[in-house]
Protein chains: 2
Amino acid sequence: MVLPRAARTQRRTRIQGEKEERILEAALEVFSANGFRGSTVDQIAEVAGMSKPNLLYYFRTKEAMHRALIDRVLDTWLDPLREFNAEGNPVAEIRSYIRRKLEMARDYPRESRLFANEVLQGAPHIEDELKGPLKALVDEKAEVIRAWAKAGKIAKCDPYHLIFAIWSTTQHYADFDVQVRAVLGQGNAGEGRFEDAARFLERLFVDGLQVSEQPTV
Amino acid sequence: MVLPRAARTQRRTRIQGEKEERILEAALEVFSANGFRGSTVDQIAEVAGMSKPNLLYYFRTKEAMHRALIDRVLDTWLDPLREFNAEGNPVAEIRSYIRRKLEMARDYPRESRLFANEVLQGAPHIEDELKGPLKALVDEKAEVIRAWAKAGKIAKCDPYHLIFAIWSTTQHYADFDVQVRAVLGQGNAGEGRFEDAARFLERLFVDGLQVSEQPTV
DNA sequence: TGTAATGTTTACCAACCGGTCAAATTATCA
DNA sequence: TGATAATTTGACCGGTTGGTAAACATTACA
């Protein structure tokens with residue numbers, strides 16, 4: 001017998017757990033930076049600190065690695081949206097959703113880029129996840145937003161496009177990081193851009209750009 | 001002598017013009033769908049309807065093709081921002097910038113994805129363009145926006161993050177098209193999503209989500 | 001401790017990649 | 001028309017890719 005892991009034995013050995021962990025961490029690093037096609041198994045093996053055949057002992061193909069990675073990351077990636085609470089104060093909920101998404105862009109940019117790469121190239125490996133669990137979750141939360149609007153608690157707006165707008169504005173800071181840095185220049189190279197972004201986005205989504213009632217200079 | 005085109009003769013033959021056109025069109029198709037590393041010269045040659053060596057007669061390397069493509073596309077891509085007019089009505093200018101960017105996402109999604117792919121992977125080929133012409137243009141327009149805010153014509157806000165927000169929300173509909181379609185589902189599969197998006201974004205950027213003065217149900 | 005299962009390595013392969021070359025073909029124009 | 005330059009092609013090359021085979025080493029456990 002030559003098959004690895006849980007394929008036949010239900011039990012996982014200690015080594016299996018450690019190695020698979022290291023491999024997926026390395027795969028995240030490489031896939032998120034180069035996309036699926038642009039990544040090589042050798043690269044991942046080197047980052048993981050093991051030989052290519054050894055890596056392929058745990059994940060039989062490059063695709064299997066990618067799938068395992070997607071499955072593991074997708075759940076945590078959607079957590080902020082799940083926390084969206086129908087009972088809370090609408091504006092406060094939206095505000096804190098934006099904040100959480102922005103924190104994820106700051107703290108987990110690789111996960112963001114992993115999905116961005118995938119979706120950008122037509123989502124060949126995650127089409128089912130998009131049309132299934134993702135759509136279901138968005139549908140659910142869109143209904144919540146629609147109810148808020150109907151009750152007059154927030155302005156009437158298309159809830160789906162609101163969610164898209166929050167996704168795109170926040171993930172922009174992870175996915176297009178080099179562009180953001182290039183445009184902001186050396187001066188704003190520190191992490192302060194995330195605080196500026198948070199201030200701007202909270203204000204944008206809540207008040208818009210129209211001059212509001214509070215006195216302006 | 002074996003060198004093609006303008007490398008030695010200043011004059012371009014009729015065939016040169018036609019073939020280079022076909023090649024760049026094919027390159028846009030392939031690069032935008034697969035990224036630089038994920039694309040092969042054979043793919044581009046097939047889409048262009050010619051043999052690989054023939055293609056390489058006009059562009060000596062894959063990189064040369066990519067660079068020529070970037071150079072050609074970048075200019076037109078930045079046109080909407082250039083049209084941004086300091087003399088116009090601030091809110092109207094921002095509104096029409098959003099509309100133009102959204103139209104480009106609808107009509108030129110390949111160009112959008114070409115840059116998205118490039119930036120997402122660290123902009124290895126266009127770093128100079130980002131830090132040079134792009135930054136200069138953004139700096140200029142940011143100053144315009146800052147002046148508007150100072151004059152009390154729009155709400156005070158960080159002009160750079162405003163531009164990022166407009167870029168990300170509009171380009172989202174090109175770059176993440178499959179995701180948008182998957183979430184909206186079959187019903188909204190038509191092009192109507194761009195009109196919905198336009199309505200939503202104009203409203204978002206101008207009014208925000210707060211319930212405004214006009215009577216709500 | 002012995003042995004069977006698990007893990008690791010070296011050597012390797014076929015397919016594919018970007019790119020070259022020389023020969024053949026076609027367009028240009030004096 | 002003929003000769004010269006421009007274009008096109010098929011055969012090929014060295015390097016890289018994802019993946020395999022089998023020998024070897026280590027671990028777990030009765």
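Chain letters run A, B, ... following the sequence lines, proteins first and then strands; every chain starts at 1.
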message = Looking at D:dT7, I'd like to know if its phosphate oxygens (OP1 or OP2) sit under 4.0 Å from a side-chain N or O belonging to B:Y57.
response = yes
remark   = Shortest non-hydrogen pair, A:K101 vs A:T170, comes out as CB-OG1, 3.6 Å
inquiry  = Ring-plane angle category for A:H172 and A:F176, please: parallel below 30°, perpendicular beyond 60°, tilted otherwise.
reply    = parallel
request  = Kindly check if the number of other-residue, nucleotide or ligand heavy atoms within 6.0 Å of CD (B:E127) is above 12?
outcome  = no
ask   = So does B:Y58 get a side-chain nitrogen or oxygen closer than 4.0 Å to the phosphate oxygens (OP1/OP2) of D:dT8?
value = yes
task = Report yes if a side-chain nitrogen or oxygen of A:S51 is closer than 4.0 Å to either non-bridging phosphate oxygen (OP1 or OP2) of C:dT8; otherwise report no.
result = no
ask   = What is the ring orientation for B:F36 with B:H125, classed by angle as parallel under 30°, tilted 30 to 60°, or perpendicular over 60°?
value = tilted
request  = Measure from the side-chain N and O atoms of B:D175 to the backbone N and O of A:L120, and report whether any donor-acceptor pair falls under 3.5 Å.
outcome  = no
task = Round to the nearest Å and state the distance from A:E46 atom CD to D:dT16 atom C1'.
result = 15 Å
Spacing of A:L55 atom CG relative to D:dG18 atom C1', expressed in whole Å = 12 Å
Separation of atom CD1 in A:I44 from atom C1' in D:dG19, rounded to whole Å = 14 Å
message = Apply side chain to side chain contact (heavy atoms under 4.5 Å, CB included) to residues A:F59 and A:E20 and explain how you reach the verdict.
response = CA-CA 8 Å; A:F59 295 92; A:E20 289 178 11; 4.2 Å; yes
key: Base-contact (B) and sugar-phosphate-only (S) positions in nucleotides 12-21 of chain C, heavy-atom cut-off under 4.0 Å, - elsewhere   = -----SBBBB
key: Residue-phosphate contact under 4.0 Å: B:N54 side-chain N/O, D:dT7 OP1/OP2   = no
